[in-house]
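Every number for a ligand or one of its atoms is a count from 1 in the order of the listing. From a predicted model like this one, the values you see are computed outputs, not experimental measurements.
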Amino acid sequence: MNNLLQFDRDHIWHPYTSATHPLPVYPVAAAHGCRLVLDDGRELVDGMSSWWAAIHGYSHPVLTAAMKAQIDRMSHVMFGGITHRPAVALAEKLMALTPPGLDWVFYSDSGSVAVEVAMKMALQYQQAQGMASRNKFAALRGGYHGDTWHAMSVCDPVTGMHQLFNGSLPVHYFVERPVARWDAPWDEGGVTSLNRFFERHGRELAAFIVEPVVQGAGGMWFYHPQYLTHLADLCLHHDVLLVADEIATGFGRTGRLFACEHAGVSPDIMCLGKALTGGMMSFAATLTTRRVAEIISKGQAGVFMHGPTFMGNPLACAVANANIELLLSWNWQQRVKAIESQLEAGLSTCRQMPGVADVRCLGAIGVVELHEPVAMAVIQKQFVDAGVWVRPFGRLVYLMPPLVISDAELGMLTRAVVEIVR
Ligand SMILES: *Cc1c(COP(=O)(O)O)cnc(C)c1O
């Protein structure tokens with residue numbers, strides 16, 4: 001065990017870590033249901049769904065069976081000149097479930113790539129219409145869209161560390177984070193700066209990219225759906241494509257299958273990832289409308305210019321199909337509502353604590369925002385010692401458990417957060 005940790009420490013990068021001063025890592029040997037099993041035998045209740053992904057928990061028999069069945073037939077085959085049932089079945093499902101009009105599907109390997117693909121689609125669309133001067137993107141401050149180059153260029157410029165890549169990173173436009181809270185009364189004044197922005201820069205934009213209603217890794221902020229409705233109207237009016245990044249919010253996390261539904265919005269392009277395979281493997285999809293797909297195909301290239309090696313991977317499509325069928329087979333809406341109530345009831349006492357700036361819950365997401373950043377190494381150990389897996393970042397301690405978590409397990413999570421934040 002010491003060897004394993006020492007080797008890891010000496011040779012392996014973890015997300016956003018230092019090679020010389022890495023934070024401690026915890027060896028996990030197995031995972032089942034809503035539990036992670038450490039190498040030393042301790043079991044932790046999972047409060048993270050492995051970053052929005054494991055909505056049905058771990059090692060779900062239906063998902064592992066779907067993968068085993070597919071792997072015995074074929075794990076992968078190229079998508080150039082070839083198609084297969086799992087890819088077609090998944091496209092049919094995604095078209096049926098996503099907001100109306102999203103009739104064309106592009107498969108890729110990860111969320112960040114799905115965002116790159118969306119941005120390329122928007123640029124090729126504008127070029128094909130003779131609008132090559134529309135080559136800028138706009139995004140919200142506090143947003144997160146992935147770690148690859150162009151995805152990073154539309155992440156929040158401060159938390160996304162744009163100054164670090166100054167001069168190399170493309171420069172796009174950022175609009176203030178929506179101030180209107182998810183649950184506050186709507187005030188038309190909340191879109192004044194957005195209106196002004198479109199008047200000034202609307203003509204330069206290929207697309208506006210947003211995380212609908214829930215901003216995730218950029219600050220866990222929940223904004224009013226009316227803001228999104230208004231943004232969609234502005235995009236339509238200015239011939240700017242609306243890209244909905246549902247990579248974190250998709251597949252039930254916010255209480256609706258897709259967060260766009262809260263605002264009744266059908267985007268021009270939608271990015272899916274994370275929970276698409278129920279957290280079983282990395283896979284993503286970028287959906288668009290027939291109109292956008294056809295206009296791209298009339299452009300200079302005559303084709304959409306992207307084609308990853310593992311595009312449409314059959315194993316990933318098979319488990320995504322099983323994941324969606326599993327989700328639709330039970331009353332997850334009711335469960336998410338119950339999780340939301342229990343998160344609110346369980347975390348609300350934090351509101352009175354001196355170090356706490358805000359507590360907010362939406363769907364199966366509960367956030368305690370502190371005034372000061374947490375001491376990661378210390379707080380991580382406290383959570384593990386309390387028997388739960390919760391991984392805060394910056395000033396945010398948050399829970400987004402698998403949707404199948406039991407009341408008792410969720411109680412362990414909220415109690416641990418309350419105790420440790422106290
Ligand atoms: C995680 C995430 C991404 C990036 O997905 P990866 O699979 O990590 O590349 C993009 N957008 C949002 C909203 C995300 O939460």
Side-chain angles (χ1 to χ4, degrees), residues 13-17 48-55 98 106-122 137-157 159-161 172 174 177-178 207-223 228 231 242-254 256-260 262-263 265 267 269-287 306 308 310-311 313 316 319-320 323 362-365 367 391 393-394 396 398-400:
W13 295 107
H14 285 264
Y16 293 93
T17 48
M48 305 307 294
S49 302
S50 286
W51 283 336
W52 315 88
I55 50 175
T98 51
F106 191 101
Y107 294 122
S108 62
D109 333 73
S110 73
S112 300
V113 176
V115 169
E116 300 277 340
V117 164
M119 295 175 77
K120 262 166 111 167
M121 279 182 181
F137 291 88
L140 299 178
R141 286 187 186 270
Y144 177 78
H145 299 287
D147 284 356
T148 58
W149 204 241
H150 291 91
M152 184 170 65
S153 76
V154 286
C155 289
D156 181 88
T159 59
M161 299 285 268
H172 297 304
F174 293 93
R177 184 178 90 166
F208 202 117
I209 181 166
V210 278
E211 294 158 280
V213 180
V214 171
Q215 292 188 298
M220 304 297 285
W221 176 245
F222 314 148
Y223 62 88
L228 184 59
L231 173 61
L242 178 64
V243 180
D245 180 350
E246 292 254 11
I247 292 165
T249 46
F251 303 101
R253 177 62 56 184
T254 69
R256 307 294 289 264
L257 214 36
F258 301 99
C260 279
H262 291 291
V265 160
I269 300 177
M270 181 183 269
C271 302
L272 301 174
K274 292 199 163 115
L276 175 58
T277 62
M280 295 292 278
M281 55 187 294
S282 181
F283 196 55
T286 307
L287 279 69
H306 208 92
F310 285 93
M311 185 171 184
N313 175 251
V319 71
N323 172 55
L362 166 54
I365 316 165
V367 181
R391 189 161 174 82
F393 71 84
L396 301 165
Y398 62 102
L399 297 174
M400 42 192 199

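Figure legend: Arg177 and Trp221 shown as a cation-pi pair, the cationic atom lying under 6.0 angstrom from the six-membered ring centre and within 45 degrees of its axis.
Protein residues lining ligand 1, listed by chain and number: Ser110, Gly111, Ser112, Tyr144, His145, Gly146, Glu211, Asp245, Ile247, Ala248, Lys274 [non-hydrogen atoms, distance under 4.0 Å].
The two residues Met270 and Thr98 come nearest to each other via the heavy atoms SD-CG2, 3.8 Å.
Taking the six-membered ring where tryptophan is involved, the planes of Phe283 and Tyr107 are essentially parallel, since the angle between them stays under 30° and well short of 60°.
The distance from the SG atom of Cys260 to the CG atom of Asp245 is 10.0 Å, given to the nearest 0.5 Å. One finds the CE atom of Met400 at 13.0 Å from the CD1 atom of Ile55 (value rounded to the nearest 0.5 Å).
Partners of Arg391 under the side chain to side chain donor-acceptor pair (under 3.5 Å) rule, at least two apart in sequence or in another chain, are Gln380.
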